[in-house]
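One is the number of the first residue; the rest follow in order along the sequence.
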Amino acid sequence: MPEMRMVAENSSVTEFILAGLSSQPELQIPLFFLFLGFYMVTVVGNLGLITLIGLSSHLHTPMYFFLYNLSFIDFCYSTVITPKMLMSFVSKKNIISYTGCMTQLFFFLFFVISESFILSAMAYDRYVAICKPLVYTVTMSPQICLLLLLGVYVMGFGGAMAHTACMVRLTFCANSLVDHYMCDILPLLELSCTSTYVNELVVFIVVGIDIGVPTVTIFISYALILSSILHIHSAKGRSKAFSTCSSHIIAVSLFFGSGAFMYLKPSSLLPMNQGKVSSLFYTIVVPMLNPLIYSLRNKDVKSALKKTLSKILFS
């Protein structure tokens, strides 16, 4: 028994090899350029929206305050994942150190959990704007917005710490090949030599909270919004109310749908290849689509963009 324990302690790896998205050689270069394009659109879209909201004084409202932070979160967690993923397409062995892997896991979880809560804060903002317009400025005061934002990042930090702390206590076997394009919870658990019962329990509890609480908040907010919209007599008024919510509903559906599919199903029912495709949505596609969804479907953003561009051109 002591001999087995010593072997287990000494077999913990110092680095991992990320398998990447596909093992087919002919797909590597096309996938590299495809995801490089996605990343460039993500960076330009999110940094562009952050700059636009920062420069346009009439966008300094609670709705755009949260959108500003959503773009910041999307940019950050895409940057935590995509550059390393791109390396897997052009290098024979995409190696990441143990410390690098745990750091990537922590920041990925921090930003992805923060995103789920910022989306629920945005749903609450829309609820107050449509259902209680007379007290909107009081209810969504700068102090309240900052407290909500603090709550978003505290939840993100707490969830990331819980998962990462449970991960670093594990001993990993000599097989260091992570069957994924990033250091994620489930593929890392497959490499553990020690029991992962506590980790799996934390996944169900923490992910349940991080998806459950925002989902319930969003569901209640939109149920009340829908009820309020149906009481609006003019078709134009109903259309305007729906249009202010439609972008958010699309973003929420994409993010929570793919996240729940990946984490709240037993791994035996979800092969890792399907898990990779599912995680592509919330790690690569959603951060790229969010600025497009919110800008292309938003008159205020389009108006601010025209004004900012005209100022730059004339100056």
Side-chain angles (χ1 to χ4, degrees), residues 46-47 49-81 102-133 135-166 185 202-203 205-222 224-225 244-245 247-249 251-252 255-256 259 263 282-283 286-287 290-291 294:
N46 284 295
L47 290 184
L49 204 51
I50 286 168
T51 307
L52 190 64
I53 293 168
L55 293 173
S56 306
S57 57
H58 76 281
L59 294 183
H60 294 174
T61 63
M63 176 183 168
Y64 293 103
F65 170 74
F66 291 123
L67 184 53
Y68 180 98
N69 280 278
L70 177 69
S71 291
F72 169 73
I73 290 165
D74 279 339
F75 166 73
C76 288
Y77 92 78
S78 181
T79 301
V80 166
I81 294 156
M102 294 303 136
T103 304
Q104 187 189 53
L105 177 71
F106 174 81
F107 282 106
F108 157 64
L109 291 168
F110 172 69
F111 289 118
V112 87
I113 293 166
S114 297
E115 172 131 349
S116 69
F117 281 95
I118 201 96
L119 287 170
S120 62
M122 291 170 82
Y124 176 70
D125 171 70
R126 290 300 81 208
Y127 154 71
V128 178
I130 291 168
C131 300
K132 299 184 176 181
V135 293
Y136 179 72
T137 51
V138 178
T139 309
M140 299 305 292
S141 65
Q143 292 84 357
I144 298 293
C145 289
L146 284 170
L147 278 172
L148 284 170
L149 187 67
L150 179 65
V152 164
Y153 289 126
V154 165
M155 291 303 292
F157 182 79
M161 277 300 291
H163 287 300
T164 312
C166 285
I185 299 166
V202 169
V203 168
I205 293 168
V206 177
V207 174
I209 292 167
D210 295 337
I211 289 181
V213 172
T215 302
V216 169
T217 305
I218 291 164
F219 183 79
I220 292 169
S221 297
Y222 278 108
L224 294 167
I225 287 168
T244 63
C245 301
S247 300
H248 189 244
I249 291 168
V252 164
F255 180 79
F256 284 104
Y263 288 104
Y282 65 87
T283 57
V286 171
N290 276 347
Y294 283 103

Participant: Would you say OH of Tyr68 has more than 12 non-hydrogen atoms from neighbouring residues, nucleotides or ligands within 6.0 angstrom?
Facilitator: no
Participant: What's the spacing between Asn46 CG and Thr79 OG1 if we round to 0.5 Å?
Facilitator: 9.0 Å
Participant: Say you draw a straight line from CZ of Phe117 to CE of Met122; how long is it, rounded to the nearest 0.5 Å?
Facilitator: 15.5 Å
Participant: For Thr139, what residues pass the side chain to side chain contact (heavy atoms under 4.5 Å, CB included) criterion, not counting sequence neighbours?
Facilitator: Tyr124, Val128, Val135
Participant: For Tyr136, is the OH atom crowded, meaning more than 12 foreign heavy atoms sit under 6.0 Å from it?
Facilitator: yes
Participant: For Ser56, what residues pass the side chain to side chain contact (heavy atoms under 4.5 Å, CB included) criterion, not counting sequence neighbours?
Facilitator: Leu52, His58, Leu59, Ala304, Thr308
Participant: Of Gln104, His163, Met161, which is the lone residue that meets side chain to side chain contact (heavy atoms under 4.5 Å, CB included) with Leu109?
Facilitator: His163
Participant: Not counting sequence neighbours, list each pair that qualifies as a side chain to side chain donor-acceptor pair (under 3.5 Å) and has a residue in residues 207-219.
Facilitator: none
Participant: Say you draw a straight line from OH of Tyr127 to CD1 of Ile220; how long is it, rounded to the nearest 0.5 Å?
Facilitator: 10.0 Å
Participant: Would you name the heavy atoms of Pro133 and Ala129 that are closest together and state the gap between them?
Facilitator: CB-O, 3.5 Å
Participant: Measure the CD1-OG distance between Ile211 and Ser120 for me, rounded to the nearest 0.5 Å.
Facilitator: 12.5 Å
Participant: Could you work out, with side chain to side chain contact (heavy atoms under 4.5 Å, CB included) as the rule, every residue matching Ile209, not counting sequence neighbours?
Facilitator: Met155, Ile205, Val213
Participant: Return yes if some donor-acceptor pair links the side-chain N/O of Glu115 with the main-chain N/O of Leu70 below 3.5 Å, else return no.
Facilitator: no
Participant: Please find the pair of heavy atoms, one from Val202 and one from Cys166, that lie closest to each other, and give the distance.
Facilitator: CG2-SG, 3.6 Å
Participant: Test your reading of the model: is there a side-chain donor-acceptor pair from His60 to the backbone of Ile53, 3.5 Å cut-off?
Facilitator: yes
Participant: Evaluate the side-chain proximity of Pro287 to Tyr77: yes if any heavy-atom separation is below 4.5 Å, no if none is.
Facilitator: yes
Participant: Rounded to the nearest 0.5 Å, how far does CE of Met140 lie from CG of Asp125?
Facilitator: 4.5 Å
Participant: Under the side-chain hydrogen bond (donor to acceptor under 3.5 Å, both in side chains) test, which residues partner Asp74, sequence neighbours left out?
Facilitator: Asn290
Participant: Ignoring hydrogens and angles, tell me if any N or O in the side chain of Ser78 forms a donor-acceptor pair with the backbone of Phe75 under 3.5 Å.
Facilitator: no
Participant: For the atom pair CZ (Phe111) and CD1 (Ile118), what is the distance rounded to the nearest 0.5 Å?
Facilitator: 12.0 Å
Participant: To check you understand the geometry: which heavy-atom pair defines the closest contact between Gly159 and Val206, and what is its length?
Facilitator: CA-CG1, 3.9 Å
Participant: Excluding sequence neighbours, so at least two apart, what forms side chain to side chain contact (heavy atoms under 4.5 Å, CB included) with Ser114?
Facilitator: Ile73, Phe110, Val152, Tyr153
